[in-house]
Number of protein chains: 2
Amino acid sequence: MSNRPKSTPAPVEAPRRAADRIRDTAFDLFYREGIRAIGVEEIVTRAGVTKPSLYRAFESKDELAAAYLRDYDQRFCRSFEAPAADHPGDPKGQLLAYLDSLSVRASSGDYRGCGLTNAVIEYPDRDHPAHRVAVDSKRALRERLREMCRDMKVRDPDELADSLLLLLEGSYVSGQTFGEGGPARVLGAAARRLIEASL
Amino acid sequence: MSNRPKSTPAPVEAPRRAADRIRDTAFDLFYREGIRAIGVEEIVTRAGVTKPSLYRAFESKDELAAAYLRDYDQRFCRSFEAPAADHPGDPKGQLLAYLDSLSVRASSGDYRGCGLTNAVIEYPDRDHPAHRVAVDSKRALRERLREMCRDMKVRDPDELADSLLLLLEGSYVSGQTFGEGGPARVLGAAARRLIEASL
DNA sequence: CAGAGTACGTACCGATCGGTAACATTGTCA
DNA sequence: TGACAATGTTACCGATCGGTACGTACTCTG
């Protein structure tokens, strides 16, 4: 506990670097409240750092937002691919496992949807850094879905992939609108019907 | 032209009342750019009026946003029910007609989705006037969809209604993310498959 | 034509926005 | 011990935010 070896640079609970604290705090605040709704002042205060530290690590608030979305994308990819471990060589099983878990989250209270989707809506300008990162991530997801649908040997993999993407995005936003007991509860069933109909 | 009768209070092309100009301008700007992105200053400038005129007609920017969303809801309802004229006593035909037209709009460039959905994301706070109006509208839509699905005599009308709602909302947001050739192009096909599978 | 009432504009408010300059302090490693 | 990098401190910037006190022009009515 107290006498840690020198090779460990920092204990897990120790105060990390300012840039990391900012990144983590920005993640939570941007996700829960929205990017436009949160000022840099609030971020540095909640992170226990100061504004110059923020601007030493990030060019601007917009770039911090872009960094947040890159972090979000990374975590999303992990959670999307996580079920692969339980379903080796079974893209359908993997996909449905993710959708089932999403269905539960998105139809319970206090759900805030997908940070990437939300960012596209908050920043409709295609040239905005946040918009760009979010759209790139969504394009990659679409491609990944097409890949999985191709592996499922369905009739029209691209059509199925897009259909499932619509259900996915619909769950993200409906989760925020309806909260507990929202339409996302039927996500798994709807996806199964669509897959069934495509075989 | 010049000598209009006294009984006509104002010609159609004359400058309307400040409140109306504000409402119309706010509608366009809020919808295209987002509510948080637009300041009251820009609204009054583009409307050719001044700030006091805005605050005489609306309590606050938040209330103006709520008014915008009520206008949006009204227009939405009209466009949603419009196909009913061509499909009397045919809820399935009406619904598919709306979805087909949405599919076209949402998979072409410059689409900005649903103003109500966007507002829920911009204002996650459930007590915010804009959030409230948007959620109320969405709840009504969900109920209307259930009603239509019940009329279609399907197996589980509530499940089908929620599934279609997911596709609908998914199209709104995906339209913004992917633009031309986005996943919303398959909306009609996916809806038909789900309906088919529910009969 | 007087006067009330309505409709609107001029000019301004304090607060907060994102962002920065200059300097003091700390911890680390050589 | 001394150099260096990272961070904190303080004070500030111009711009913009939502919002308002107050004066003015028009129109309808008596």
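Lettering of chains follows the sequences in order, A, B, ..., and the numbering in each one begins at 1. Side chains are part of it too, since the values below use all heavy atoms of this structure and drop only hydrogens, waters and symmetry mates.
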Task: Sequence neighbours excluded - salt bridge (Lys or Arg N to Asp or Glu O under 4.0 Å) pairs with any residue from residues 49-60 of chain B - done: Glu41(B)-Lys51(B)
- [ ] Report yes if at least one side-chain N or O of Arg17(B) is closer than 4.0 Å to OP1 or OP2 of dA7(C); otherwise report no.
- [x] yes
Task: Spacing between Leu54(A) atom CG and dG19(C) atom P, to the nearest angstrom - done: 9 Å
Open item on the list: What does the B/S/- profile of nucleotides 13-19 of chain D look like, 5' to 3', with a 4.0 Å heavy-atom cutoff to protein?
Closed with: -----BB
- [ ] Before accepting this row, confirm whether a basic side-chain N of the pair Arg139(A)/Glu143(A) lies closer than 4.0 Å to the acidic partner's carboxylate O.
- [x] no
- [ ] Name the residue closer to the 5' end of DNA chain D, choosing between Pro52(B) and Val49(A) according to the nucleotide with the nearest heavy atom.
- [x] Val49(A)
- [ ] With the side chain counted from C-beta on, respond yes when Val133(B) and Tyr72(B) share a heavy-atom pair under 4.5 Å apart, and no when they do not.
- [x] no
TODO: Any pair with a residue in residues 82-99 of chain A that passes salt bridge (Lys or Arg N to Asp or Glu O under 4.0 Å), sequence neighbours left out, goes on the list, sorted by first then second residue, please.
DONE: none
N/O donor to acceptor pairs below 3.5 angstrom from side-chain atoms of residues 31-39 of chain A, sequence neighbours left out:
residue: Tyr31(A); atom: OH; partner: Gly113(A); partner atom: O; Å: 2.6
residue: Arg32(A); atom: NH2; partner: Asp110(A); partner atom: O; Å: 2.7
residue: Arg36(A); atom: NH1; partner: Glu122(A); partner atom: O; Å: 2.6

- [ ] For DNA chain D, determine which residues of residues 118-127 of chain A have any heavy atom closer than 4.0 angstrom to one of its atoms, and list them numerically.
- [x] none
Task: Rounded distance (Å) that lies between atom P of dA7(C) and atom CZ of Phe58(B) - done: 14 Å
Open item on the list: Just the rounded figure in Å: distance from C1' of dT26(C) to CZ of Arg56(A).
Closed with: 13 Å
Open item on the list: I'd like to check the side chain to side chain contact (heavy atoms under 4.5 Å, CB included) partners of Ser103(A); sequence neighbours left out, ordered by chain and number.
Closed with: Leu187(A)
Open item on the list: It should be established whether Ser53(A) places a side-chain nitrogen or oxygen under 4.0 Å from OP1 or OP2 of nucleotide dG8(D).
Closed with: yes
- [ ] Report the C-alpha separation of Glu196(B) and Arg193(B) in whole Å, then their side-chain angles, then the decisive distance to 0.1 Å, and conclude whether the salt bridge (Lys or Arg N to Asp or Glu O under 4.0 Å) test is met.
- [x] CA-CA 5 Å; Glu196(B) 201 75 15; Arg193(B) 292 210 194 314; over 6 Å; no
Open item on the list: Looking at Arg192(A) and Asp100(A), is there a salt bridge between them, counting it only when a charged N and a carboxylate O are closer than 4.0 Å?
Closed with: yes
